[in-house]
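Reading through the structure tokens given below for one structure.
Quick note: residue numbers are just sequence positions, from 1. Read the numbers this way: they start at 1 and go in the same order the structure lists the ligands and their atoms.
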Amino acid sequence: SLKALIWDVDGTLADTERDGHRVAFNAAFAEAGLDWHWSVERYAGLLAVTGGKERIRYFLKQDGPTFEPSEDMDAFVAGLHARKTARFAAMLEQGHIPLRPGVSRLLHEARESGVRLAIATTTSPANVEGLLRANLGESAIGWFKVIGAGDVVPDKKPAPDIYHHVLEGLDLAPEECLAIEDSGHGLAAAHGAGIGTVVTVNEYTADEDFTGALAVLDHLGEAGRPCQVLRGEGPE
Ligand code: XBP
Ligand code: MG
């Protein structure tokens with residue numbers, strides 16, 4: 001029977017990308033005196049790479065300006081990303097990033113029925129705590145037995161590493177868990193770890209390949225706002 005729900009963060013707990021992370025990246029670029037600007041459309045392509053530091057490098061390699069930082073590239077990217085994370089934290093604190101429909105409802109139902117909670121995300125740990133604190137209060141961080149986030153594993157999604165890390169922390173088998181994700185990368189990671197996965201989509205991920213998902217929904221639904229099954233593939 002279901003022992004734990006494992007939650008993705010970006011795009012799943014909240015729509016954090018278009019008006020959150022993307023805006024924070026652009027603010028950090030401007031603050032650093034760089035004339036880089038990631039439009040909503042440009043960012044859609046950059047989401048092909050998970051991890052903010054990896055995404056900056058991908059942008060530079062792809063068609064970014066031929067850029068030779070004064071310091072070594074790792075230090076430059078890490079510094080820029082830290083400034084972006086600080087900007088994103090401020091946006092969270094200001095309450096600009098609400099939870100998606102049905103998330104709070106399902107978290108409370110899981111707690112009431114003794115289903116354990118965990119997080120498996122590519123984003124930085126500080127962002128997870130900030131999002132939970134802003135929307136559910138400080139104590140919500142303690143609802144999650146494991147928060148697997150960011151650089152805690154060598155390979156980010158679509159690699160299954162973060163889900164293996166969380167299963168170890170939960171001391172549960174994949175069959176005892178259910179993952180909730182929003183993207184093809186996230187599904188691949190959870191599926192790769194043998195965990196049944198429900199996908200809820202958003203504007204950036206609606207057209208991605210969700211083969212193997214237990215179901216694809218528009219959101220998790222709440223009173224007065226039923227969810228729609230978009231693609232109901234059965235379990236493989
Ligand atoms: C989504 C990501 C993250 C965020 C940005 O993570 O790939 O990199 O876009 O956050 P998930 P950082 O869907 O697995 O939650 O800049 O902190 O990486
Ligand atoms: Mg996601």
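Ligand 1 has an N or O atom lying under 3.5 Å from an N or O atom of Gly51, backbone or side chain. At a 3.5 angstrom cut-off on N or O pairs, Lys84 counts as close to ligand 1.
Scanning all protein heavy atoms for the shortest distance to atom 11 (P) of ligand 1 gives Asp8 OD1, 2.9 Å. Of all protein heavy atoms, the one closest to atom 6 (O) of ligand 1 is Asp10 OD2, 3.2 Å. In terms of protein heavy-atom proximity, atom 17 (O) of ligand 1 is nearest to Ser124 OG, 2.7 Å. The nearest heavy-atom contact from the protein to atom 15 (O) of ligand 1 is Thr121 OG1, 2.6 Å.
In summary, the side chains of Tyr163 and Glu168 do not present any donor paired with an acceptor at a separation below 3.5 Å, with no hydrogens or angles considered. Defined by atom type and a distance below 3.5 Å, a donor-acceptor pair is missing between the side-chain atoms of Thr200 and Asp182.
When the side chains of ILVMFWY residues are joined at heavy-atom separations under 4.5 Å, either directly or via intervening members, Ile162 and Leu178 end up in two distinct hydrophobic clusters.
Within ligand 1, the atoms closer than 4.0 Å to a non-hydrogen atom of Thr123 are 6 (O), 10 (O), 12 (P), 17 (O), 18 (O), numbered from 1 in the order shown. For ligand 1, the atoms closer than 4.0 angstrom to any heavy atom of Gly52 are 8 (O), 12 (P), 16 (O), 18 (O). Near His21, meaning under 4.0 Å from any of its heavy atoms, are these atoms of ligand 1: 4 (C), 5 (C), 10 (O). For ligand 1 and Val9, the ligand atoms under 4.0 Å from any heavy atom of the residue are 15 (O). Close approach of ligand 1 to Asn127 is summarised as follows: ligand atoms under 4.0 Å from at least one heavy atom of the residue are 17 (O).
Counting heavy atoms under 4.0 Å from ligand 1, residue Lys156 does not touch it at all. The residue Lys53 has no part lying near ligand 1, judged by heavy-atom distances below 4.0 Å. Residue contacts with ligand 1, taken as heavy atom pairs separated by less than 4.0 Å, involve Glu17 solely via side-chain atoms from C-beta onward. Under 4.0 angstrom from ligand 1, there are no non-hydrogen atoms of Glu181.
In this structure, the ring of Phe144 has its center no less than 6.0 angstrom from the ring center of Trp7. Aromatic ring centres of Trp36 and Phe25: separated by at least 6.0 Å.
Applying the ring-ring contact (aromatic ring centres under 6.0 Å, His included) definition to pairs two or more places apart or across chains, those involving residues 68-114 are His21-Phe88, Phe67-Phe76, His108-Trp143.
Here Glu181 fails the criterion, with no N, O or S atom under 2.8 Å of the Mg ion (ligand 2).
Arg100 pairs with exactly one of Thr16, Asn202, Leu13 by the side-chain contact (heavy atoms from CB on, under 4.5 Å) rule, that one being Asn202. Each of Glu54, Lys61, Lys156, His185 was checked for a side-chain contact (heavy atoms from CB on, under 4.5 Å) with Val49, and the lone residue meeting it is Glu54.
Closest non-hydrogen pair, Pro98 versus Asn135, comes out as CA-OD1, 3.3 Å.
Shortest distance from the Mg ion (ligand 2) to Asp10 is reached at O (N/O/S atoms only).
Rounded to 10°, the angle that OD1 of Asp182 and OD2 of Asp8 form at the Mg ion (ligand 2) is 80°.
At a threshold of 4.0 Å, the pair Arg105-Glu222 does not count as salt-bridged, since none of the basic side-chain nitrogens sits closer than that to a carboxylate oxygen. With respect to Arg133 and Glu93, no salt bridge is recorded, no charged nitrogen being found less than 4.0 Å from a carboxylate O.
Looking at Ser124, its side chain never comes within 3.5 Å of a backbone N or O of Ala126 through a donor-acceptor pair.
Considering each of Arg55, Lys157, Arg22, the one bringing a non-hydrogen atom nearest atom 7 (O) of ligand 1 is Arg55.
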